[in-house]
Amino acid sequence: MRSSLVYHTNPYDVKVKRDMPELPEVETLRRSLRPAIVGRTIVGIRGETFPDVMGGELIDEVSRRLAGNQIEDLTRRGKYLFFLLSDGSSLLIHLRMTGRLILAPRDAPPIRFEHLALELDGELDLRFGDQRKFGRVLHILPADVMALRRRIGVEPLTARFSARRLETLLTGRNSKIKSILLDQRLIAGLGNIYVDEALHLAAIHPERRAGALSQLEISRLHRAIRRVLREGLRNRGTSFSSFEDANGERGRNQHQLRVYGRARKNLPCLRCGHPLSLLVVGGRTTHYCPTCQLPHAYTEPGN
DNA sequence: TGTTATGTTGCCAT
DNA sequence: TATGGCAACATAAC
């Protein structure tokens, strides 16, 4: 039995995230959170936590600064959430690998690995929990928000992310295409799962050199990225971990995953039937089809 | 009981 | 500047 059972039995959960958050998961979280918190006033923030979660700041100091602020909006860039506050500052939250955000009544018991609680009016808490303590909750000034947003790459589901734009990003790059797609400074929001899915859908080997992709391949990749992200969103951001959740609360996107998690189970490629393979690229476990995703550009027979 | 893997990012060395 | 490796951390799974 997985210890996450407590989440499922918590009747106060407006939103439960157990999946590793990539763009579809963070966006799903934003959509579920936004109507419940926009317009509310922050009372304070409390918690017993590790120093780095708030960038080394003391909770009491941040609490004093936040108190009295109204949450005017909740936006997302890549995998970052921005809570826009009435004094112009922002609360930035990144869940990294195991971060959780859950709405709960003030008197509800702590969630597992709870580190911080943002206290809102109406006796509502936004609880932040993180098993591995990689996640961050930072109170930042407008100038720093701007600086950060400039460092984050293009949003892959907007019109700005065209095939032409992708081509520009890849041109002259010697890194493996998978590493490039995971670089948040170039494209925002892709993680290990959706990158593997997109590369398989586009029939591109993850170790191909980014700058060596043909225009046709770039075009396929562009469409594949948008498609797998949209599918993830449509399925409410559910990903692989919940597929394995012993509690049975499964999202829907596991049914759409074409390679991720299937290689380890010796399952066949859904396109060609050949067994899928595992590989480590840039230190990340990589799932691919050795038949559909060849390590060199495809050439028409006879050429 | 130990060892290994885990979906992210930032920092550091080259 | 580009690139690649690894640490940060705690737990589950083997």
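Chain identifiers are assigned alphabetically (A, B, ...) following the order of the sequence lines, protein sequences preceding nucleic acid strands; residue numbering begins at 1 within each chain. Because the structure is a prediction, the values reported are computed rather than measured.
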*Give a yes/no on whether any side-chain N or O of A:Thr285 is located under 4.0 angstrom from OP1 or OP2 of B:dT6.*
yes
*Does A:Phe113 offer a backbone N or O that forms a donor-acceptor pair with the side chain of A:Gln131 under 3.5 Å?*
no
Rounded distance (Å) that lies between atom [atom2] of [N] and atom [atom1] of [X]:
{"X": "A:Leu181", "N": "B:dG7", "atom1": "CG", "atom2": "P", "answer": "16 Å"}
{"X": "A:Asp183", "N": "C:dG4", "atom1": "CG", "atom2": "C1'", "answer": "12 Å"}
{"X": "A:Arg173", "N": "C:dT3", "atom1": "CZ", "atom2": "C1'", "answer": "10 Å"}
{"X": "A:Leu170", "N": "C:dT3", "atom1": "CG", "atom2": "C1'", "answer": "16 Å"}
{"X": "A:Ile177", "N": "C:dG4", "atom1": "CD1", "atom2": "P", "answer": "12 Å"}
{"X": "A:Gln184", "N": "B:dG10", "atom1": "CD", "atom2": "C1'", "answer": "12 Å"}
{"X": "A:Lys178", "N": "B:dG7", "atom1": "NZ", "atom2": "P", "answer": "8 Å"}
{"X": "A:Arg185", "N": "B:dT9", "atom1": "CZ", "atom2": "P", "answer": "11 Å"}

*Going from CG on A:Leu118 to CD1 on A:Ile71, what distance comes out if it is rounded to the nearest 0.5 angstrom?*
5.5 Å
*Is A:Phe82 isolated, or which residues cluster with it under the ILVMFWY side-chain rule of less than 4.5 Å, directly or via members?*
A:Tyr80, A:Leu84, A:Leu92, A:Leu138, A:Ile140, A:Val145, A:Leu148, A:Ile152
*Separation of the P atoms in C:dA12 and B:dT9, to the nearest angstrom*: 23 Å
*Separation between the P atoms of C:dC14 and B:dG7, rounded to whole Å*: 15 Å
*Identify the residue among A:Arg31, A:Arg76, A:His94 that makes a side chain to side chain contact (heavy atoms under 4.5 Å, CB included) with A:Val26.*
A:Arg76
*Presence of salt bridge, A:Arg34 and A:Asp73, under 4.0 angstrom*: yes
*Ion pair A:Arg30/A:Glu27, N-O distance below 4.0 Å*: yes
*Quick one: do A:Arg223 and A:Ser219 satisfy side chain to side chain donor-acceptor pair (under 3.5 Å)? Show the steps, please.*
CA-CA 6 Å; A:Arg223 288 175 45 167; A:Ser219 172; 5.8 Å; no
Consider the side chain of [X], meaning its heavy atoms from C-beta on, and name the nucleotide among [options] that approaches it most closely.
{"X": "A:Tyr80", "options": "C:dT3, B:dG10, B:dT6", "answer": "B:dG10"}
{"X": "A:Arg264", "options": "B:dA5, C:dT3, B:dT9", "answer": "B:dA5"}
{"X": "A:His94", "options": "B:dT9, B:dG7, C:dT3", "answer": "B:dT9"}
{"X": "A:Lys79", "options": "B:dT6, C:dA2, B:dT9", "answer": "B:dT9"}

_A:Arg46 atom CZ, neighbour heavy-atom count above 12 within 6.0 Å_ = yes
*If we only count heavy atoms from C-beta on, is the A:Lys133 to A:Asp52 side-chain gap below 4.5 Å?*
no
*Could you check whether A:Asp52 gets within reach of a base, just the sugar-phosphate, or nothing at all, counting any heavy atom under 4.0 Å?*
nothing
*Looking across every strand, which nucleic acid part, if any, lies under 4.0 Å from A:Gly191 by heavy atom: base, sugar-phosphate, or nothing?*
sugar-phosphate
*Verify whether one side chain among A:Glu207 and A:Tyr288 offers a donor that lies under 3.5 Å from an acceptor in the other.*
no
Kindly give the atom pairs (protein nitrogen or oxygen, nucleotide nitrogen or oxygen) under 3.5 Å for nucleotides 8-10 of chain C.
| residue | atom | partner | partner atom | Å |
| --- | --- | --- | --- | --- |
| C:dC9 | O2 | A:Arg132 | NE | 2.7 |
| C:dC9 | N3 | A:Arg132 | NH2 | 3.1 |
| C:dA10 | OP1 | A:Lys133 | NZ | 2.9 |

*Pairs counted as Watson-Crick or G-U wobble with both distances under 3.5 Å: what dot-bracket string results for DNA chain C, using | for bases tied to another strand?*
.|||||||.|||||
